[in-house]
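Notes to accompany the following structure.
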Amino acid sequence: MKGEIYRVAGPVVTIQGIKPKMYDVVHVGHEGLMGEVIRIKGDKATVQVYEDTSGIKPGEPVVNTGMSLSVELGPGLLESIYDGIQRPLKVLQEKMGDFIDRGVTANGLDRDKVWEFKPIVSSGDDLKAGEIIGVVQETENIEHKIMVPPNVSGKVSEIKSGKFKVDETICILTNGTELAMMQKWPVRLPRPVNKKFIPKRPLITGQRILDGLFPVAKGGTAAIPGPFGSGKTVTQQQLAKWSDTDIVVYIGCGERGNEMADVLNEFPELQDPKTGRPLMERTVLIANTSNMPVAAREASVYTGITIAEYYRDMGYDVSLMADSSSRWAEAMREISSRLEEMPGEEGYPAYLSARLSEFYERSGAVSSLSGEEGSITVIGAVSPPGGDFSEPVTQNTLRIVKVFWALDAKLAQRRHFPSINWLTSYSLYTQGLSEWFAENVAPDWVPLRDNAMDMLQQESELQEIVQLVGSDALPENQQLILEICRMIREYFLQQNAFHPVDTYCPFDKQYKLLKAISKYSEMAQAALESGIPMKDILSLESKDELAKVKFEEDFDSALDVVLTKMDKEFAALGGN
Amino acid sequence: MTKEYKTIIEISGPLIFLEKTEPVGYGELVHINLPDGTSKRGQVLDTSADIVAVQVFEGTGGLNEEAGVVFTGETIKLPVSKDMLGRILSGSGEPLDGGPRIVPEQRVDVNGASMNPYSRKPPEDFIQTGISTIDGTNTLVRGQKLPIFSGSGLPHNEIALQIARQSKVPGSTEDFAVVFAAMGITNEEAQYFMEDFEKTGALERAVVFLNLADDPAVERIITPRMALTAAEYLAYEHNMHVLVILTDITNYCEALRQMGAAREEVPGRRGYPGYMYTDLASLYERAGVIKGRKGSVTQFSILTMPGDDITHPIPDLSGYITEGQIVVSRELHRKGVYPPINVLPSLSRLMNSGIGDGKTRDDHKAVSDQMYAAYAEGRDLRGLVAIVGKEALSERDQRILEFADLFEDRFVRQGRDEDRSIEGTLDVAWEILSELPESLLTRVDNKYIEKYHPAHKSN
Ligand SMILES: Nc1ncnc2c1ncn2[C@@H]1O[C@H](COP(=O)(O)OP(=O)(O)OP(=O)(O)O)[C@@H](O)[C@H]1O
Ligand SMILES: [Mg+2]
């Protein structure tokens with residue numbers, strides 16, 4: 001049966017003459033532009049097209065592939081950069097030059113590359129769905145586990161070993177099924193797991209305000225909403241760089257081309273703090289920038305999470321950053337309005353909330369079908385219009401995620417970075433992770449942190465008074481609180497992502513830094529009580545020097561010097 | 001192909017609807033011949049076997065069912081050539097300067113394909129504009145898109161011209177050009193630009209597209225695309241460094257809104273189309289540098305914020321796409337400070353890649369951060385002083401308060417023709433920072449204090 005185009009209106013094309021299923025991938029027009037069926041009505045079907053439709057005419061042919069939009073999973077995903085529908089941008093560049101033309105298909109995985117496959121099962125073995133049958137060394141540190149697809153099982157009749165291309169048969173089951181290293185999976189369908197756990201381990205990010213005050217768990221969800229220029233992308237990139245996960249999937253969804261170029265430029269140069277290998281070796285990038293077709297932007301988020309699930313199934317800790325989930329929601333809105341669907345709040349489709357929760361639900365700490373334990377941590381940037389958090393995407397997201405990192409334009413304007421507001425942000429994992437922190441950081445870490453939070457809370461109340469009467473009118477002990485809080489903010493919370501040393505702060509250093517501030521705080525309070533003038537306490541050199549220890553290459557000895565000086569200075573003040 | 005249809009069944013706002021055509025391509029360029037012999041141009045917005053919708057660039061005034069419609073079979077193209085330099089064209093690319101038509105070296109689709117992110121080279125070449133609040137605290141680099149967010153009646157045109165005049169990459173002698181596109185600005189404003197271009201000889205290196213306030217609004221939708229197409233051509237085919245000035249983005253967005261309303265679309269925030277982000281991105285993202293090619297496209301567009309409101313959808317969506325913004329402040333303007341740039345809400349996201357040792361100076365970042373922190377605090381204190389008086393401030397706070405004044409007076413303020421070198425800018429910065437106690441310079445590494453602080457430098 002041959003189909004044809006009935007109507008073209010931007011990225012939405014109506015076709016007739018064939019009977020596709022929902023979400024079938026079709027090729028439309030003489031150039032065979034790729035699209036996906038998103039509505040069926042009578043003898044017509046509506047297709048969202050992933051490429052520019054200029055010049056396409058009614059009457060041009062349509063071919064149905066009969067398959068849903070799927071990604072190719074197998075060795076070679078790492079270090080790749082894809083568009084929203086898993087076309088490698090590098091291949092597109094080779095085929096069409098520096099500007100993205102259309103009608104070009106490109107395989108997600110390189111068909112020519114040869115990988116060394118080492119089987120771990122033997123013929124006669126019974127294979128469950130999802131079971132690991134062998135391994136491939138994908139990058140220096142990542143052993144890629146080749147798994148039986150989640151919908152296949154059976155007994156091994158033949159298993160091979162040696163060098164293969166991704167689509168060559170490496171295993172044959174007695175029922176005749178042939179398995180290759182590569183498998184395909186429809187992006188809109190979550191890959192099944194055995195069981196989900198409550199996340200119990202923190203994602204260590206090396207960012208003080210995140211690890212320290214508002215930690216996210218491995219397998220958890222976090223949202224980072226903020227107006228333009230407040231630090232969503234920098235924070236997401238910091239997470240992609242420094243988080244202690246095995247695999248990072250970074251989705252540039254409807255954002256800037258230069259930001260992706262930057263990642264591509266930087267990641268091969270930077271070292272994974274855990275392994276010392278280039279960061280790129282653990283990273284998959286998906287770049288569907290703002291000027292690339294919106295339908296592919298809509299798909300990019302699914303492409304990314306499916307790849308993340310695949311590595312999770314191998315037993316890896318994966319973190320996925322989506323920058324920005326708002327652009328994804330807008331893509332949905334744009335398509336929905338072209339379909340003339342009944343709009344919900346602010347023109348977003350009524351299913352916005354459902355789509356968002358389905359997406360974040362694909363995170364989690366799990367026991368996979370292969371029996372391995374892995375996790376996906378999902379961190380979504382949200383770009384609320386006018387920075388107003390009451391808009392639908394932010395609100396629907398906050399109903400789902402467990403961690404809220406609220407970016408604040410006021411902080412960004414005064415170059416307090418990361419400009420995460422410590423009063424409005426929260427993490428619902430703080431409690432559950434306390435035990436881990438006590439065991440792995442320091443027994444007094446939790447009280448230390450809670451105390452700092454407490455002080456900051458007090459500060460905001462005191463600030464209100466200061467706004468009315470000036471700080472000099474406050475009693476001295478309250479002035480001291482203000483000063484300690486300034487230290488917490490400037491010395492501890494502020495962290496310059498672009499400083500070679502301070503960009504990444506190991507937990508041990510975070511602890512020592514906060515502890516040092518707390519030490520000053522305690523000694524200062526004692527001194528004040530014993531009658532030493534406030535002015536003298538505040539003018540200690542060691543206090544100002546503490547500001548800069550975080551920038552020191554040799555942090556520990558720099559800190560020692562300052563702390564020793566602090567003891568001396570306080571002793572010199574006399575008092576008790 | 002030149003078949004003329006007289007099958008218009010509806011005219012509504014800038015749109016016409018036709019039936020019984022042969023298959024027509026989406027986005028195709030359309031000629032509409034009026035009974036009086038004149039003609040208009042349009043573009044296909046929606047095409048089906050039964051009905052075709054066309055948006056008419058010059059507006060539908062004077063059109064009726066009698067008009068004949070010819071589908072050209074191709075999308076809108078701009079004839080491009082190096083000879084465009086020095087020419088003044090209409091908002092849809094026709095010569096306005098009485099000169100000959102452009103003899104094309106190529107004809108290029110004005111929509112421009114999207115640049116493959118993989119082909120992009122991260123911008124990093126420092127452009128010295130000679131303006132301290134840009135070079136010092138919001139550095140512009142080649143290939144960046146950095147708009148001016150201004151308000152009506154503020155001197156954004158002067159700032160843009162000063163930048164167009166003074167911009168250079170220190171030490172570079174490469175070819176440069178300016179592409180200027182006016183969208184809906186008044187004739188007087190356009191004259192102001194043209195005179196300056198002529199006076200300074202910049203016109204020879206410029207391509208000018210003019211869609212003025214009394215030109216049809218719909219045409220504004222293609223004007224910036226024409227301009228960017230010309231810019232890309234000069235940059236990538238002729239290795240030139242092109243500075244694109246689009247003014248005023250706000251008028252462009254109004255045209256977009258008008259079109260959306262005519263198409264009876266479900267409006268988004270404040271009546272602007274839901275796809276305005278994507279549409280604006282298709283303009284702004286056409287800035288950049290490509291690996292292995294010499295030229296670059298830098299965008300320095302002007303946008304007037306309705307009601308000075310930065311959360312209005314036009315500046316808001318722009319800010320989400322561009323690589324920062326330079327914000328012009330009415331308050332500073334009233335105080336008589338030129339250029340009245342408020343650095344606090346201003347930002348250049350690519351600053352970090354364009355500054356530092358070997359590019360500007362090693363202390364650049366630290367100095368900039370320190371000035372921001374102190375100025376921000378100083379401005380807050382001004383609010384406080386208004387309530388409690390200066391005496392209620394601590395010694396520290398008083399110094400910071402004074403810094404804010406110094407900053408506006410010495411760092412921000414400069415002459416309309418004053419072209420400060422980057423060293424000059426950083427020296428002014430140190431002069432005013434040295435008025436603060438050293439213990440307050442927490443953002444600056446000690447090594448820079450020793451190297452550049454006037455108190456240390458001299459001994
Ligand atoms: N941790 C940080 N350290 C230093 N600078 C930062 C940090 N976070 C943000 N910035 C500064 O803020 C600028 C804007 O940050 P970023 O690009 O992440 O904003 P955004 O929220 O992603 O904006 P948009 O929504 O427009 O994409 C950066 O270019 C950088 O100058
Ligand atoms: Mg961003």
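A note on names: the letters A, B, ... follow the listed sequences, proteins ahead of strands, and every chain is numbered from 1. Just so you know, these numbers come straight off a predicted model, no measurement behind them.
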Ranking A:Ser383, A:Ser324, A:Gly252 by heavy-atom pairs under 4.5 Å to chain B gives rank one to A:Ser383

Could you have a look at B:Ser282, B:Ser439, B:Gly324 and say which one has the most heavy-atom pairs with chain A under 4.5 angstrom?
B:Ser439

Would you mind telling me which of B:Asp380, B:Leu344, B:Asp50, B:Leu381 has the largest number of heavy-atom pairs within less than 4.5 Å of chain A?
B:Leu344

Part of A:Ile56 lying under 4.5 Å from any heavy atom of chain B:
backbone

Answer key: most heavy-atom pairs under 4.5 Å with chain B among A:Glu541, A:Arg256, A:Glu259, A:Glu490 is A:Arg256

State whether the side chain of A:Glu60 and the backbone N or O of A:Lys57 hold a donor-acceptor pair below 3.5 Å, judged by distance alone.
yes

Best-contacting candidate, A:Lys548, A:Glu255, A:Arg327, against chain B by heavy atom pairs under 4.5 angstrom
A:Arg327

Under 4.5 Å from a heavy atom of chain B, the part of A:Leu468 involved
backbone

Answer with side chain, backbone, both or neither: which region of A:Met260 has an atom nearer than 4.5 Å to a non-hydrogen atom of chain B?
side chain

Would you find a donor on one side and an acceptor on the other, under 3.5 Å apart, between the side chain of B:Asp109 and the backbone of B:Lys77?
no

Does A:Lys550 use its side chain to pair, donor to acceptor, with the backbone of A:Gln494 at less than 3.5 Å?
yes

For A:Ile286 and A:Gly84, work out which heavy atoms get closest and say how close.
CG2-CA, 4.2 Å

Can you tell which part of A:Asp83 gets under 4.5 Å to a heavy atom of chain B, answering side chain, backbone, both or neither?
neither

Are the ring centres of B:His312 and B:Tyr272 closer than 6.0 Å?
yes

Structural part of A:Glu330 lying under 4.5 Å from a heavy atom of chain B:
side chain

Quick one: of A:Gly229, A:Ser326, A:Pro293, A:Pro343, who has the most non-hydrogen atom pairs under 4.5 Å with chain B?
A:Gly229

Report the option among A:Glu346, A:Glu545, A:Lys90, A:Lys543 that has the most heavy-atom pairs separated by less than 4.5 Å from atoms of chain B.
A:Lys90

Identify which of B:Gly27, B:Pro122, B:Ala376 forms the greatest number of heavy-atom pairs closer than 4.5 Å to chain A.
B:Pro122

Name the member of B:Thr442, B:Asp279, B:Leu350, B:Thr278 that forms the most heavy-atom pairs with chain A at distances under 4.5 Å.
B:Thr278

Can you say whether A:Tyr6 sits under 4.5 Å from chain B via the side chain, the backbone, both, or neither, judging by heavy atoms?
both

Sort A:Ser54 into side chain, backbone, both or neither according to what part of it lies under 4.5 angstrom from a heavy atom of chain B.
both

For B:Phe149 and A:Phe228, take the angle between the two ring planes, folded into 0 to 90°, and tell me which bin it lands in: parallel under 30, tilted 30 to 60, perpendicular over 60.
perpendicular

Count the heavy atoms of every other residue, nucleotide or ligand shown that sit under 6.0 Å from NZ of A:Lys410, and state whether that count exceeds 12.
no

Interface residue of largest heavy-atom contact number with chain A, from B:Arg269, B:Glu265, B:Gln144, under 4.5 Å:
B:Arg269

